[in-house]
Amino acid sequence: MSIARAGLLVSAVALLPVTTQGLAAVDSRSGPEFGKLVAVYQLVRQNYVDNVDDDKLLKGAINGMLESLDPHSSYLDGASLQRLETMIDGNYSGLGLSVVMDDGAVKVVSPFRGSPAEQAGIKAGDFITHLDGKLYYGGDLDEAVAKMRGQPGTSIRLTIFRPGRDDPFDVTVSRGVIQLEPVTWKLDGNVGVITINEFSRNVGRNVNTAVLDLKAKSGGKLSGLVLDMRSNPGGSLDEAIGLSDLFLTSGDIVSQRGRVASENEYYKAESVYKGDVAKGLPIVVLVDAGSASASEIVAGALQDQDRAIVMGERTFGKGSVQSMFTLDRGSAVKLTTARYFTPSGHSVQEGGIEPDIRVPQLSDPDARKRSERALRESDLRGHLINEVNLEDKQLETDKQDDPRFKMTAEQLKAKGITDFQLSYAVDTLRRTAQPGLLASRKR
């Protein structure tokens with residue numbers, strides 16, 4: 001399995017494996033700064049209150065250098081490298097969480113579907129402040145991940161701070177063996193729902209199988225597809241390209257751009273799969289704040305190429321590519337080496353993918369509460385609307401919320417709706433009686 005699989009289990013990244021040929025020469029202008037580094041090293045060794053191991057000092061210097069760059073660049077050795085290799089194998093015992101460090105705090109990108117974390121009610125955007133009652137802040141992400149992993153059946157108590165709630169609360173989660181099924185699908189009436197849980201090997205091939213199976217089960221009357229990538233933290237760049245190519249017949253899928261223009265990569269349609277496996281069928285791509293990295297590549301490609309409507313909530317905004325540089329048999333560096341861009345040249349980094357139709361998850365009372373408690377300029381009475389720099393599509397946006405988005409979780413539950421976003425997407429496709437109506441939208 002590609003090394004890219006491993007990144008998604010820790011920090012929602014897409015990796016490209018490479019190996020160093022040697023260390024690059026240090027710019028001569030950096031000499032004085034390296035002199036300071038050596039001087040501090042010597043001061044610590046000679047004057048610190050306790051004896052300090054050289055390995056600890058050198059590893060700390062490397063970690064500090066990489067952590068000053070971005071949340072996804074890091075040094076891996078020993079236990080952290082072993083955890084990475086374990087994740088590549090696709091089997092590990094833990095909670096099933098994708099997490100990142102956010103200003104020193106452990107933040108949940110998303111819980112994996114069907115994982116112990118999801119079943120315990122952990123949600124995207126949660127902050128984990130304590131592990132078994134011990135405050136965890138400003139530490140190493142790998143250390144936090146190691147503490148959350150463990151033998152199946154054992155448990156850990158997490159203290160959660162959730163935006164929208166006044167007080168933190170504790171959740172006890174029992175660890176389990178994490179074996180995600182990358183792709184699942186079902187037929188809802190004549191609408192096919194394909195859930196993509198992660199971007200590991202053969203995701204594109206599995207989705208191709210899913211579409212063919214759904215066509216057969218519908219008796220040739222399939223009226224549309226929902227590609228559900230909510231809470232999908234990403235994974236392999238190659239699989240994101242392959243999945244996008246299933247539905248595109250021309251143009252770009254994604255571009256990868258770094259410091260050297262000659263090394264930029266542009267990935268085109270028809271490079272992996274020929275033709276559109278769902279030709280003539282409207283597609284809705286369902287995303288949320290837990291959709292990151294490879295998920296955003298697919299959503300951005302199908303959105304920019306006018307092949308699908310993107311529905312749900314704004315995505316996570318992870319638009320960088322990490323490369324693995326092997327230093328020796330026991331250590332490696334994971335380094336951010338490029339940004340990726342959608343076909344229109346939009347950088348996903350930080351801003352994420354904006355849905356064409358924003359659909360809140362009304363069946364989740366916590367999500368509704370978080371949304372209602374968020375204060376913005378637009379919430380202030382008598383605020384001015386800065387229409388000078390707005391695009392036409394923003395000026396044409398409805399000024400009043402859709403009345404269908406005002407129901408409570410309790411009201412939806414009484415109607416038998418436990419997943420409002422998916423229900424809304426399926427109903428939208430059912431209302432589009434003409435195949436291809438959504439696929440030919442103009443933005």
Side-chain angles (χ1 to χ4, degrees), residues 12 109-110 123-125 191 193-196 224-234 240 243-244 247-248 253-254 282-319 340-364 367-368 370-372 374 376 378 390-407 417 419-432 437-443:
V109 175
S110 64
K123 301 181 185 299
V191 175
V193 178
I194 302 175
T195 302
I196 303 153
L225 291 174
V226 176
L227 297 183
D228 187 356
M229 295 190 295
R230 292 173 298 170
S231 297
N232 183 329
L243 177 56
S244 303
F247 306 102
L248 297 175
I253 292 174
V254 66
I283 298 174
V284 168
V285 174
L286 206 52
V287 295
D288 63 9
S291 305
S293 191
S295 299
E296 294 172 295
I297 289 175
V298 176
L302 299 185
Q303 184 183 58
D304 281 2
Q305 294 283 20
D306 291 326
R307 182 60 188 94
I309 287 284
V310 176
M311 212 177 269
E313 301 280 5
R314 182 164 62 90
T315 61
F316 181 74
K318 200 284 183 179
Y340 67 75
F341 297 79
T342 70
S344 66
H346 169 65
S347 172
V348 176
Q349 182 63 27
E350 189 177 12
I353 298 291
E354 288 284 353
D356 299 297
I357 303 175
R358 183 183 176 276
V359 180
Q361 183 59 305
L362 300 184
S363 50
D364 178 355
R368 185 183 183 90
R370 289 197 300 271
S371 178
E372 290 174 348
R376 297 182 177 85
S378 59
L390 294 182
E391 299 178 3
D392 286 345
K393 67 176 182 179
Q394 292 173 289
L395 295 174
E396 293 167 1
T397 300
D398 292 338
K399 301 299 189 292
Q400 186 172 353
D401 288 340
D402 191 315
R404 288 168 292 191
F405 296 164
K406 293 183 178 181
M407 297 184 70
I417 298 174
D419 187 340
F420 178 75
Q421 289 176 324
L422 180 58
S423 175
Y424 189 89
V426 171
D427 287 345
T428 299
L429 287 170
R430 285 177 179 151
R431 290 195 299 269
T432 58
L437 182 60
L438 284 182
S440 62
R441 69 184 171 88
K442 298 296 182 182
R443 298 189 301 112

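Quick caveat: nothing in here was measured; it's all calculated off a predicted structure.
Rounded to the nearest 0.5 Å, atoms CG (Leu362) and CZ (Phe405) are 7.0 Å apart. Atom CD1 of residue Ile253 and atom CD1 of residue Ile297 lie 10.0 Å apart, to the nearest 0.5 angstrom. Of the inter-residue distances, the one linking Phe247 atom CZ with Ile283 atom CD1 reads 5.0 Å to the nearest 0.5 angstrom. One distance of note links CE of Met311 with CG of Leu422; it measures 10.5 Å at 0.5 Å rounding. One distance of note links CG of Leu225 with CG of Leu429; it measures 8.0 Å at 0.5 Å rounding.
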- [ ] Output, in order, the C-alpha distance, side-chain angles, deciding distance and verdict of salt bridge (Lys or Arg N to Asp or Glu O under 4.0 Å) for Lys318 and Glu296.
- [x] CA-CA 8 Å; Lys318 200 284 183 179; Glu296 294 172 295; over 6 Å; no

- [ ] Applying side-chain contact (heavy atoms from CB on, under 4.5 Å), run through Ile353 and Val348 and close with a yes or a no.
- [x] CA-CA 6 Å; Ile353 298 291; Val348 176; 3.9 Å; yes

Open item on the list: side chain to side chain donor-acceptor pair (under 3.5 Å) for Gln421 and Asp228? Distances and angles first, verdict last.
Closed with: CA-CA 10 Å; Gln421 289 176 324; Asp228 187 356; over 6 Å; no

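Judged as a side-chain contact (heavy atoms from CB on, under 4.5 Å), and not counting sequence neighbours, Ala289 has no contacts. Applying the side chain to side chain donor-acceptor pair (under 3.5 Å) test to Ser231 and every residue at least two apart in sequence or in another chain returns nothing. Taking Gln349 as the reference, Ser320, Ser347 meet the side-chain contact (heavy atoms from CB on, under 4.5 Å) condition, with sequence neighbours excluded.
At least one donor-acceptor pair closer than 3.5 Å links the side chain of Ser295 to the backbone N or O of Asn232. With hydrogens and angles ignored, the 3.5 Å screen pairs no side-chain donor or acceptor of Thr315 with any backbone N or O of Gly352. Listed for the Ser291 side chain is a donor-acceptor partner under 3.5 Å among the backbone atoms of Met229. Of the possible polar contacts, none joining the Ser244 side chain to the Ala301 backbone as a donor-acceptor pair under 3.5 Å is found. Within the 3.5 Å criterion, the main-chain N or O of Gln361 finds no donor-acceptor partner in the side chain of Tyr424.
Side-chain contact between Val287 and Val310: present, with at least one pair of heavy atoms (C-beta onward) separated by less than 4.5 Å. Taking the side chain as every heavy atom from C-beta outward, Ile194 and Val226 never approach each other to under 4.5 Å. Contact annotation: the side chain of Gln303 approaches that of Asp356 to within less than 4.5 Å [non-hydrogen atoms, C-beta and beyond]. For the pair Leu227/Leu286, no side-chain contact is recorded, criterion being any heavy-atom separation below 4.5 Å from C-beta on.
The pair Lys123-Asp288 fails the salt-bridge criterion, with no side-chain N (NZ, NE, NH1 or NH2) lying under 4.0 Å from an Asp/Glu carboxylate O.
Annotation for Val359 and Glu313: closest pair O-OE2, 3.8 Å, computed over non-hydrogen atoms. The shortest non-hydrogen separation linking Pro233 to Ser293 is O-CB, 3.7 Å.
For the residue pair Thr342 / Asp304, a side-chain donor-acceptor distance below 3.5 Å is found, with atom types taken as modelled.
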